[in-house]
Enquirer: 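Sharing a structure, written as structure tokens. Questions coming.
Keep in mind it's a predicted model, so treat the numbers as computed, not measured. We count residues from 1, following the sequence as given.
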Amino acid sequence: MADLSGAKKTPLFDLHEELGGSLVDFAGYALPVRYPAGIMAEHIHCRESAALFDVSHMGQALLEGPDHETTAKALEALTPSAFSKLAPGRMRYSVFLNETGGIIDDFIVTRPGDPALDGTLMLVVNGACKEKDYAFLETNLPDGISLKRLDDKALLALQGPKAVDVLKRHAQKADTLTFMSQTPDEINGVPVGISRCGYTGEDGFEISCAAEEAEAIARLLLDEPEVNPAGLGARDSLRLESGLCLYGHDLDDSIDPAEADLGWAIQKSRRQDKAFPGSERILKGLEDGPARIRVGLRILGKAPAREGAEIQDADGKAIGIVTSGGFAPTLQVPIAMGYVPPAFAEPGTKVILAVRKRALEAEIAPMPFVPQRYVRKP
């Protein structure tokens with residue numbers, strides 16, 4: 001049994017135990033890695049129906065300033081993304097950058113749709129990085145912009161093709177949203193914030209609510225016939241199939257957005273103003289090609305390659321390293337992500353993965369491995 005003596009409890013801790021969750025210490029919180037059905041079943045159920053994840057370990061916070069333009073510019077100074085023209089009710093993925101352009105963390109920012117909240121931006125950051133992120137923001141934000149932590153909030157993720165059918169029974173505005181949009185709503189009279197986004201590649205929602213209301217909302221959703229609980233194991237295999245990065249593995253403070261193949265998160269206006277940390281390095285990588293780039297790997301046998309496995313060329317020369325790897329339940333094959341020089345990044349390129357003195361044959365594969373099914377604006 002995992003040692004959870006030092007782990008914090010999310011508002012759903014008792015429910016996880018009641019449902020038979022196998023709890024582990026993840027990012028300092030006691031969270032279920034799986035339930036009795038197992039990771040494979042949870043993964044497939046999310047792809048086919050709807051799964052509920054507890055993501056209350058994530059950091060939720062507000063940036064508050066006098067008006068949207070001022071707050072947006074303050075955040076833009078720390079990231080390569082554009083927020084000034086972000087429409088009310090819309091969301092954007094971005095990264096915090098250190099002075100050399102390395103990624104401190106990746107995060108989601110939302111501009112509230114309520115005109116009364118003009119000047120406020122909502123942030124969701126990784127649970128394992130939130131204390132570091134908050135300290136970074138408090139050190140670097142200009143006068144007049146403040147950080148407000150929302151430690152009294154919980155976060156649930158309802159993911160899968162039937163998530164919208166489930167949620168619209170309880171939240172009137174759910175099916176009015178498209179991918180990367182957000183709205184305030186109510187579930188059983190409880191105020192919530194609903195975002196159409198997630199970390200699985202499937203359509204789905206994240207529901208922010210008061211911590212004391214989280215268990216009641218989770219039980220309400222789990223009572224729906226389409227919904228099963230899912231843990232960290234399925235969350236990881238789903239995001240890997242979808243080609244999504246996990247901070248501390250596929251991203252860290254030595255990797256820049258060009259290397260991570262995140263150039264799409266740098267809007268044209270930011271490429272032109274060059275007013276972000278590490279811009280020279282990052283823009284040079286986008287224009288000329290970085291020294292290394294994140295790629296997908298499809299292993300040609302049945303044995304998986306885990307994080308840290310060496311990537312070699314056909315002659316056995318080391319060219320890179322695996323950053324995430326595992327079995328893909330949807331495809332029934334092992335897959336991985338890692339970094340290689342651009343000369344080896346073309347899909348179909350044959351490589352070798354060194355795993356415990358074994359040489360596994362693999363090839364570079366396009367990502368996502370499984371098509372993403374987000375509901376985008378027409």
Enquirer: Can you name the side chain to side chain contact (heavy atoms under 4.5 Å, CB included) partners of Asp253, sequence neighbours left out?
Expert: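 With neighbours one apart ignored, the set is Asn98, Tyr247.
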Enquirer: Answer yes if the side chains of Gln159 and Thr200 hold a donor-acceptor pair under 3.5 Å, and no otherwise.
Expert: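 Yes, side-chain donor-acceptor contact under 3.5 Å.
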Enquirer: Regarding Arg111 and Asp118, does a basic nitrogen lie under 4.0 Å from an acidic carboxylate oxygen?
Expert: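 Salt bridge: yes.
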Enquirer: Report yes or no: is the cationic atom of Arg292 (NZ for Lys, CZ for Arg) closer than 6.0 Å to the six-membered ring centre of Tyr339, at no more than 45° off its axis?
Expert: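 Yes; both conditions hold, so Arg292 lies above the ring face of Tyr339.
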Enquirer: Show the nearest heavy-atom pair for residues Gln182 and Ser195, with the distance to one decimal.
Expert: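 The pair with the smallest heavy-atom distance is CG-OG, 3.2 Å.
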Enquirer: For Pro32 and Gly21, work out which heavy atoms get closest and say how close.
Expert: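 Pro32 and Gly21 have their closest heavy atoms at CB-CA, 4.3 Å.
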Enquirer: Answer yes if Leu97 and Ile255 sit in the same cluster of Ile, Leu, Val, Met, Phe, Trp and Tyr residues linked by side chain heavy atoms under 4.5 Å apart, and no otherwise.
Expert: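 Hydrophobic grouping puts Leu97 with Ile255.
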Enquirer: Do the charged groups of Lys162 and Glu224 touch, with an N to O distance under 4.0 Å?
Expert: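 Looking at Lys162 and Glu224, the cut-off is not met.
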Enquirer: Just do the salt bridge (charged side-chain N to carboxylate O under 4.0 Å, His left out) check on Lys350 and Glu363 with the steps written out, would you?
Expert: CA-CA 4 Å; Lys350 298 293 191 291; Glu363 64 181 22; 3.3 Å; yes
Enquirer: Give a yes or no on whether Glu287 atom CD has more than 12 heavy-atom contacts from other residues, nucleotides or ligands under 6.0 Å away.
Expert: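 Not buried by this count: 12 neighbours or fewer within 6.0 Å.
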Enquirer: Any ring pair (Phe, Tyr, Trp, His ring centres under 6.0 Å) involving residues 51-73? Give me the pairs, sequence neighbours left out, ordered by first then second residue.
Expert: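 Ring pair (Phe, Tyr, Trp, His ring centres under 6.0 Å) check on residues 51-73 returns Phe26-His57.
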Enquirer: Could you pull out the closest heavy-atom pair between Ala163 and Gly204, with the gap in Å?
Expert: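 Between these two residues, the closest heavy atoms are CB-CA, 4.2 Å.
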Enquirer: Set out, in order, the CA-CA distance, both residues' side-chain angles and the distance that settles side chain to side chain contact (heavy atoms under 4.5 Å, CB included) for Leu141 and Leu63, then state yes or no.
Expert: CA-CA 9 Å; Leu141 288 172; Leu63 289 185; 3.6 Å; yes
Enquirer: Would you call Asp288 and Lys284 a salt bridge, taking side-chain N to carboxylate O under 4.0 Å as the test?
Expert: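 Looking at Asp288 and Lys284, the cut-off is met.
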Enquirer: Heavy-atom count check: over 12 atoms from other residues, nucleotides or ligands less than 6.0 Å from Glu361 CD?
Expert: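 12 or below, so no.
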Enquirer: Which residue pairs satisfy the ring pair (Phe, Tyr, Trp, His ring centres under 6.0 Å) criterion with at least one member in residues 75-103, sequence neighbours excluded?
Expert: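 Every pair satisfying ring pair (Phe, Tyr, Trp, His ring centres under 6.0 Å) with a residue in residues 75-103: Tyr93-Trp264, Phe96-Phe107, Phe96-Phe136.
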Enquirer: Would you mind telling me which of Ile145, Val125, Leu78 makes a side-chain contact (heavy atoms from CB on, under 4.5 Å) with Leu137?
Expert: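 Output: one option passes, namely Leu78.
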Enquirer: Could you list who else is in Leu222's hydrophobic cluster, with ILVMFWY side chains joined at under 4.5 Å, directly or through other members?
Expert: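 For the cluster that includes Leu222, the remaining residues are Leu12, Leu15, Leu19, Tyr35, Leu52, Leu156, Leu158, Val164, Val166, Leu167, Leu177, Ile187, Val190, Val192, Ile194, Phe205, Ile207, Ile217, Leu220, Leu221, Val227.
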Enquirer: Which Ile, Leu, Val, Met, Phe, Trp or Tyr residues join Leu62 in one cluster when any pair of side-chain heavy atoms under 4.5 Å counts as a link?
Expert: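 Its cluster partners, ordered by chain and number, are Met122, Leu150.
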Enquirer: Checking Glu186 against His170: is there a side-chain donor and acceptor pair closer than 3.5 Å?
Expert: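 Note: His170 and Glu186 side chains miss the donor-acceptor criterion.
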Enquirer: The test is side chain to side chain contact (heavy atoms under 4.5 Å, CB included); show your working for Lys9 and Asp14 and say whether it passes.
Expert: CA-CA 9 Å; Lys9 296 178 180 179; Asp14 291 341; 5.5 Å; no
Enquirer: Check for a donor-acceptor pair, side chain of Gln372 on one end and backbone N or O of Ser242 on the other, with a separation under 3.5 Å.
Expert: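 Yes; judged by distance alone, with no hydrogens or angles, the pair exists.
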Enquirer: Would you kindly confirm whether Val95 and Leu244 end up in one hydrophobic cluster when ILVMFWY residues are joined by side chain heavy atoms under 4.5 Å apart?
Expert: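 Shared cluster, yes.
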Enquirer: Would Leu155 and Phe13 show up in the same hydrophobic cluster when neighbours are defined by side-chain heavy atoms closer than 4.5 Å?
Expert: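 No; tracing contacts between hydrophobic side chains, which count when under 4.5 Å, never links both residues.
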Enquirer: If we only count heavy atoms from C-beta on, is the Met91 to Ile108 side-chain gap below 4.5 Å?
Expert: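 Result yes, sub-4.5 Å side-chain heavy-atom pair found.
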Enquirer: Test side-chain hydrogen bond (donor to acceptor under 3.5 Å, both in side chains) on Thr10 and Ser56; report intermediate values, then the result.
Expert: CA-CA 6 Å; Thr10 75; Ser56 300; 5.0 Å; no
Enquirer: Identify the residue among Leu283, Asp106, Ile103, Thr79 that makes a side-chain contact (heavy atoms from CB on, under 4.5 Å) with Pro257.
Expert: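 Testing Pro257 for a side-chain contact (heavy atoms from CB on, under 4.5 Å) against Leu283, Asp106, Ile103, Thr79 leaves exactly one candidate, Ile103.
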Enquirer: Test of understanding: with side-chain hydrogen bond (donor to acceptor under 3.5 Å, both in side chains), list the residues that count as partners of Asp250, not counting sequence neighbours.
Expert: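 In terms of side-chain hydrogen bond (donor to acceptor under 3.5 Å, both in side chains), with neighbours along the sequence ignored, Asp250 is linked to Arg239, Thr323, Ser324.
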Enquirer: Carefully, step by step, assess Cys209 and Lys153 under the rule side chain to side chain contact (heavy atoms under 4.5 Å, CB included).
Expert: CA-CA 6 Å; Cys209 64; Lys153 295 285 189 180; over 6 Å; no
Enquirer: Less than 4.5 Å apart, any side-chain heavy atom of Arg270 and any of Glu76?
Expert: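 The answer is yes, as the side chains (C-beta and beyond) meet within the 4.5 Å cut-off.
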Enquirer: How far apart are the C-alpha atoms of Arg281 and Asp256, what are their side-chain angles, what is the distance that settles it, and do they pass the salt bridge (charged side-chain N to carboxylate O under 4.0 Å, His left out) test?
Expert: CA-CA 8 Å; Arg281 167 189 171 183; Asp256 70 50; 2.7 Å; yes
Enquirer: So which residues get pulled into Leu353's cluster when ILVMFWY side chains under 4.5 Å apart are joined, directly or through others?
Expert: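 Under the 4.5 Å side-chain rule, Leu353 groups with Ile293, Val295, Leu297, Ile299, Ile311, Ile319, Val322, Val340, Phe344, Val351, Val355, Leu360, Ile364.
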Enquirer: Report the C-alpha separation of Glu241 and His43 in whole Å, then their side-chain angles, then the decisive distance to 0.1 Å, and conclude whether the side chain to side chain contact (heavy atoms under 4.5 Å, CB included) test is met.
Expert: CA-CA 10 Å; Glu241 286 187 346; His43 178 114; 2.9 Å; yes
Enquirer: Are side-chain N/O atoms of Ser208 and Gln60 paired as donor and acceptor at under 3.5 Å?
Expert: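 On atom types as modelled, these side chains qualify, holding a pair under 3.5 Å.
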Enquirer: Looking at Lys173 and Asp185, is any side-chain nitrogen of the basic one under 4.0 Å from a carboxylate oxygen of the acidic one?
Expert: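 Looking at Asp185 and Lys173, the cut-off is not met.
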Enquirer: According to a 4.5 Å side-chain heavy-atom criterion applied to Ile, Leu, Val, Met, Phe, Trp and Tyr, with indirect links allowed, do Leu262 and Phe179 form part of one hydrophobic cluster?
Expert: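 In one cluster with Leu262: Phe179, yes.
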Enquirer: Sorted by first residue and then second, give each salt bridge (charged side-chain N to carboxylate O under 4.0 Å, His left out) pair with at least one member in residues 93-102; sequence neighbours left out.
Expert: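 Sorted pair list comes back empty.
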Enquirer: Measuring from Lys274:NZ to Glu280:CD, what's the distance to the nearest 0.5 Å?
Expert: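 If I round to the nearest 0.5 Å, the distance is 9.0 Å.
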Enquirer: Could you tell me if Thr71 and Glu64 have a donor-acceptor pair between their side chains, going purely by distance under 3.5 Å?
Expert: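 No donor-acceptor contact under 3.5 Å links the two side chains.
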Enquirer: What are the two closest heavy atoms between Ser181 and Arg90, and how far apart are they?
Expert: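 That closest heavy-atom pairing would be CB-NH1, 3.3 Å.
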Enquirer: Flag the pair Glu131 and Arg149 as a salt bridge only when some basic side-chain nitrogen lies within less than 4.0 angstrom of an acidic carboxylate oxygen.
Expert: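 The answer is yes: the pair qualifies as a salt bridge.
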Enquirer: Tell me every residue that passes salt bridge (charged side-chain N to carboxylate O under 4.0 Å, His left out) with Asp25, counting only those two or more places apart in sequence or in another chain.
Expert: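 By the salt bridge (charged side-chain N to carboxylate O under 4.0 Å, His left out) rule, Asp25 matches no residue at all.
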Enquirer: Please enumerate all residues that pass side-chain hydrogen bond (donor to acceptor under 3.5 Å, both in side chains) together with Glu18, with sequence neighbours excluded.
Expert: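 Per chain and number, Glu18 pairs via side-chain hydrogen bond (donor to acceptor under 3.5 Å, both in side chains) with Arg219.
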Enquirer: Could you tell me which residues satisfy side chain to side chain contact (heavy atoms under 4.5 Å, CB included) with Ser22, sequence neighbours excluded, listed by chain and number?
Expert: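 Ser22 satisfies side chain to side chain contact (heavy atoms under 4.5 Å, CB included) with Val33, Arg34 only.
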Enquirer: Report the C-alpha separation of Ser49 and Glu226 in whole Å, then their side-chain angles, then the decisive distance to 0.1 Å, and conclude whether the side-chain hydrogen bond (donor to acceptor under 3.5 Å, both in side chains) test is met.
Expert: CA-CA 6 Å; Ser49 188; Glu226 299 93 339; over 6 Å; no
Enquirer: Output yes when Lys130 and Asp105 qualify as a salt bridge under the 4.0 Å nitrogen-oxygen rule, no when they do not.
Expert: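 Judged by the 4.0 Å cut-off on N to carboxylate O distance, Lys130 and Asp105 do not form a salt bridge.
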Enquirer: Residues sharing Phe327's hydrophobic cluster, by side-chain heavy-atom contacts under 4.5 Å among ILVMFWY, directly or via others?
Expert: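 Besides Phe327, the hydrophobic cluster comprises Met40, Ile44, listed by chain and residue number.
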Enquirer: Please name the pair of heavy atoms, one in Ala211 and one in Pro11, separated by the smallest distance, quoted to 0.1 Å.
Expert: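 Scanning both residues completely, I find the closest heavy atoms to be O-CB, 3.4 Å.
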Enquirer: Among the clusters formed by ILVMFWY side chains lying less than 4.5 Å apart, do Leu251 and Ile282 turn up in the same one?
Expert: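 Yes, because Leu251 and Ile282 connect within a single hydrophobic cluster, where side-chain heavy atoms sit under 4.5 Å apart.
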